[in-house]
Amino acid sequence: MATPEQEIRQNLKYLRLLARDFPTLEAASAEIINQTALLRLPKGTEHFMSDLHGEYEAFTHILNNASGVIREKVDKVLGEEVPAAERAEFATLIYYPVQKLPALLRKQTDCGAFYVRTLTRLLEVCRFVSSKHTREFVRKALPKDFAYILDELLHAHFEDHDKEQYYSSILSTIVEIGQADAFIEALCQLIKKLAVMKLHIVGDLFDRGPRPDIILDELMGHHSVDIQWGNHDVVWMGAASGSPICIATILNTTLAYNNLEVLEDGYGINLRPLATFADEVYGSADVSRFWPKTDLGRGAWRPEQLAQVARMHKAIAIIMFKLECEVIDRNPDFEMADRALLRRIDFERRRVEIDGKLWPMVDCDLPTVDPACPQRLTAEEQAVLETLCRSFTESERLDRHTRFLYDKGGVYKIENGNLMYHGAVPLTESGSFAIETFEKHGYAGRELMDYCDERARRGYFAPKGSAARQSGQDFLWYLWCGRLSPLFGRDRMTTFERLFVDNPACYGETKNPYYRFINDTRMDRMILAEFGLPATSHIINGHVPVRAVEGEKPIKGGGRLIVIDGGFCRAYHEKTGIAGYTLVFNSRGMSLRVHEPFQSMQKAIEENSDIVSSVDVFETTARRLLVEDTDEGEEIRARIRDLKLLVEAYRTGLIKP
């Protein structure tokens, strides 16, 4: 074992760099004291959400109320002496200060007294949620313009009679000079920031819902967030990098749900060339199977508008199926030759071969498909596709969001004993890790997940025009729908069948055996061990909605695996019976939050309605968890060890102060 002096000499280069931040023995010693004390603070609250699918209003509300955490703090601070309706109104003010405050002021007979009472209550709640944090952390979180005054008020002792007039004077002056609204808004934002230490998004921000771009803007403004990619995310990432197949795929989904707003208003994508082409080529074609979904309560649409969307949908779907043939040909290791279904159509008999069985087609009106070479794009289709590719790659906002997804995201994440991923760790029928061969190498388990992460990054970061970039883009599409994709978890995506075959018997998408073993504690332990975690850890999973209406439970595998996709998206509400699960992990343990369907932000503001319907505390800790019990605690202990070496280096003269 090395002596302290030997250890210092081995790390001298690093310690000299550390000495720039702590240039004296006293400075390094003070930091050791600070960091050691930090270890004894309670663990910060972690908030887990999954499968947001563009439902930005519901997301914003759950983000604002921290899945009920803030209402719990309000109830605890104000107590039962304040009526429940008044507490609900006060909580809504914290969620939506800009929108709620004017409505509250209109009801007041004495606005000055209302301001002082509200500011005092907000300070009490803020002081309570800041108790888990160091004063330095809170100071850094303070809004710059009001930092000094808020710091003074947050650490005020109102029972100190010598300063009672001093604190009262601050509050009355805030009101007198017309800054109360700004201070209330600042305090509400600070409470929300301090209530949740970290936000984890376990995949699928895009598709089905109307505005995933608004969700991404919110996430980019969050103080601490990470994202585990879902299959709906990676196909958008591929589209942003210029992949034609990914662009056609997201257009197919977006048009199917009539979500043109996100493309045109959110990202400035020019859909006019596609609309013009569709009107010209599919103007008299049968588009009944391509009619967009209009049952999600999002506005009224004229029949002629829906008809044009249906024509656009059919036009891009055919382009997509052609491009799928090309990608499958380029990547034989995807083992998806059976999914090049345009080649399996018998146009004379109007049927298609799927898995060796012939199925009658209800729509063979495909004016751009040449039976002799079904995958060949027409010149007009190629021109439309090139225009769309330019539009996607030139969207600055989409590129900014995609960069954020790469910077903050990955296929999986391990933090504080929790393994988070969106879909599945692919298994064989016998329950062992499935081996998948790509680029002449076999991958399974964690190694497969790491490979998927690396190759997905090629699609965006490899040089433009390079083989590596195209390989990465093709793989982003594979992650969307490939049979052993850990983000997809099924053997096929039956889009073609649902559009062209009127028989649900061929719509089946067989789930990976992972989902059959999901309640088997042996599988959970095997996966946790594969990722270097003990059997007491947890897997946080999204992707497959929990059918609560049928009695399905989100907690599986003896409490080791938690599925938090409960149907956030409106399109799933009928199947699930709820509007999603979220998970909260604080110093006391883990709790699932079950959410009711969210009607609208306006209703929440006007009626003080919340959407947490129940809280299921399913695991409590034997003692309160502290920072020293977390991954951050391990980093702090390592930092303390380094600082102690620096102190010793100062004392021995190996480094001069």
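- Between F585 and H538, the ring centre distance reaches or exceeds 6.0 Å.
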Checking salt bridge (Lys or Arg N to Asp or Glu O under 4.0 Å) for the pair R403/D399: CA distance, chi angles, key distance, verdict?
CA-CA 6 Å; R403 173 69 71 141; D399 186 68; 5.7 Å; no
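- A centroid separation of less than 6.0 Å is found between the aromatic rings of F531 and Y412.
- The structure places CG of L205 at 8.5 Å from CZ of F404, a figure rounded to the nearest 0.5 Å.
- For T652, the side-chain contact (heavy atoms from CB on, under 4.5 Å) partners two or more places apart in sequence, or in a different chain, are E648, L654.
- Using a distance-only test at 3.5 Å, with no hydrogens or angles considered, a donor-acceptor pair links the side chain of N541 to the main chain of H422.
- Looking only at distances, no side-chain donor or acceptor of H47 sits under 3.5 Å from a matching main-chain atom of I62.
- In this structure, the side chains of L119 and F183 come closer than 4.5 Å at one or more pairs of heavy atoms.
- Between the OG atom in S485 and the CG atom in L479 there is a gap of 4.5 Å [rounded to 0.5 Å].
- In summary, the side chains of H441 and Y451 do not present any donor paired with an acceptor at a separation below 3.5 Å, with no hydrogens or angles considered.
- By the side-chain hydrogen bond (donor to acceptor under 3.5 Å, both in side chains) test, E185 pairs with no residue at all, sequence neighbours left out.
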Taking it one step at a time, do E628 and R40 satisfy side-chain contact (heavy atoms from CB on, under 4.5 Å)?
CA-CA 6 Å; E628 67 181 0; R40 304 301 296 171; 2.5 Å; yes
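- Proximity of a side-chain donor or acceptor of N416 to a complementary backbone N or O of D631 within less than 3.5 Å is detected.
- Considering only residues two or more places apart in sequence or on other chains, E89 meets the salt bridge (Lys or Arg N to Asp or Glu O under 4.0 Å) condition with K107.
- Taking each heavy atom of T521 and G557 in turn, the nearest pair found is CG2-O, 3.3 Å.
- Closest heavy-atom contact between I655 and A19: CG2-CB, 4.4 Å.
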When you look at Y95 and H61, which way does the ring-ring contact (aromatic ring centres under 6.0 Å, His included) test go after all the steps?
CA-CA 7 Å; Y95 307 156; H61 188 78; 5.5 Å; yes
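- At least one donor-acceptor pair under 3.5 Å links the side chain of S537 to the backbone N or O of P534.
- Counting heavy atoms from C-beta outward, I540 and L583 have side chains that approach closer than 4.5 Å.
- Checked against salt bridge (Lys or Arg N to Asp or Glu O under 4.0 Å), D629 has the following partners two or more places apart in sequence or in another chain: R623.
- Checked options L419, I527, I539; the residue passing with L561 is I539 (criterion: side chain to side chain contact (heavy atoms under 4.5 Å, CB included)).
- Residues T582 and S67 come closest through the heavy atom pair OG1-OG, 2.5 Å.
- Counting heavy atoms from C-beta outward, R87 and L78 have side chains that approach closer than 4.5 Å.
- With respect to the salt-bridge test (charged N to carboxylate O, under 4.0 angstrom), the residues E124 and K76 do not qualify.
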Under the salt bridge (Lys or Arg N to Asp or Glu O under 4.0 Å) criterion, do D524 and K556 qualify, and how do the steps go?
CA-CA 9 Å; D524 301 328; K556 303 179 185 295; over 6 Å; no
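- Applying the salt bridge (Lys or Arg N to Asp or Glu O under 4.0 Å) test to every pair with at least one member in residues 3-14, sequence neighbours left out, gives these pairs: E5-R9.
- Taking the ring centroids of F206 and H232, they lie at or beyond the 6.0 Å cut-off.
- Within 6.0 Å of CD on E136 lie no more than 12 heavy atoms contributed by other residues, nucleotides or ligands.
- In terms of heavy atoms, I174 sits closest to I149 at CD1-CG2, 4.3 Å.
- Applying the side-chain hydrogen bond (donor to acceptor under 3.5 Å, both in side chains) criterion to H133, with sequence neighbours excluded, gives no partner residue.
- Annotation: cation-pi pair K100/F90 absent, no NZ/CZ under 6.0 Å from the ring centroid and within 45° of its normal.
- A donor-acceptor pair shorter than 3.5 Å cannot be found between the side chains of D450 and Y443.
- By the side-chain hydrogen bond (donor to acceptor under 3.5 Å, both in side chains) test, E396 is found to be paired with R400, residues two or more places apart in sequence or in another chain being considered.
- Between the side chains of R469 and S471, no donor-acceptor pair is found at a separation under 3.5 Å.
- Electrostatic pairing of D453 and R457 counts as a salt bridge here, judged by a charged N lying under 4.0 Å from a carboxylate O.
- For the pair C126 and L154, the minimum side-chain heavy-atom distance is below 4.5 Å.
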One pair to check against side-chain hydrogen bond (donor to acceptor under 3.5 Å, both in side chains): D642 and Y14. What are the steps and the verdict?
CA-CA 9 Å; D642 293 338; Y14 165 69; 3.2 Å; yes
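- Scanning for side-chain hydrogen bond (donor to acceptor under 3.5 Å, both in side chains) contacts around E454 gives R458, with sequence neighbours left out.
- Scanning for side-chain contact (heavy atoms from CB on, under 4.5 Å) contacts around T36 gives I32, I640, with sequence neighbours left out.
- The salt bridge (Lys or Arg N to Asp or Glu O under 4.0 Å) analysis of residues 192-202, with sequence neighbours excluded, yields the pairs K198-E415.
- With hydrogens and angles left out, the side-chain atoms of Q10 and Q6 include no donor and acceptor closer than 3.5 Å.
- Using modelled atom types, one finds no donor on one side chain facing an acceptor on the other under 3.5 Å when comparing N586 with E46.
- Residues V202 and S50 share a closest heavy-atom pair of O-OG, 3.2 Å.
- Listed by chain and residue number, nothing satisfies the salt bridge (Lys or Arg N to Asp or Glu O under 4.0 Å) test with R446 (two or more places apart in sequence, or in another chain).
- Residues T620 and R588 fail the side-chain proximity criterion, which asks for heavy atoms closer than 4.5 Å.
- Note: F48 and Y581 fail the aromatic proximity criterion, with ring centroids not under 6.0 Å apart.
- The side chain to side chain contact (heavy atoms under 4.5 Å, CB included) test with I201 singles out one residue from L405, I227, D233, D51, and that residue is I227.
- Residue D151 is tested with R139, K140, K144 for a salt bridge (Lys or Arg N to Asp or Glu O under 4.0 Å); the sole match is R139.
- With a 4.5 Å cut-off on side-chain heavy atoms, E436 and F438 count as touching.
- With no hydrogens or angles considered, a side-chain donor-acceptor pair links R624 and S587 at under 3.5 Å.
- Residues satisfying the ring pair (Phe, Tyr, Trp, His ring centres under 6.0 Å) criterion with Y406, sequence neighbours excluded, are W229, Y460, F461.
- Here E72 pairs with R593 in a salt bridge; the nearest charged N to carboxylate O distance falls below 4.0 Å.
- For the residue pair N64 and Y96, the shortest heavy atom distance occurs at ND2-CE2, 3.4 Å.
- Defined by atom type and a distance below 3.5 Å, a donor-acceptor pair is missing between the side-chain atoms of D181 and Q179.
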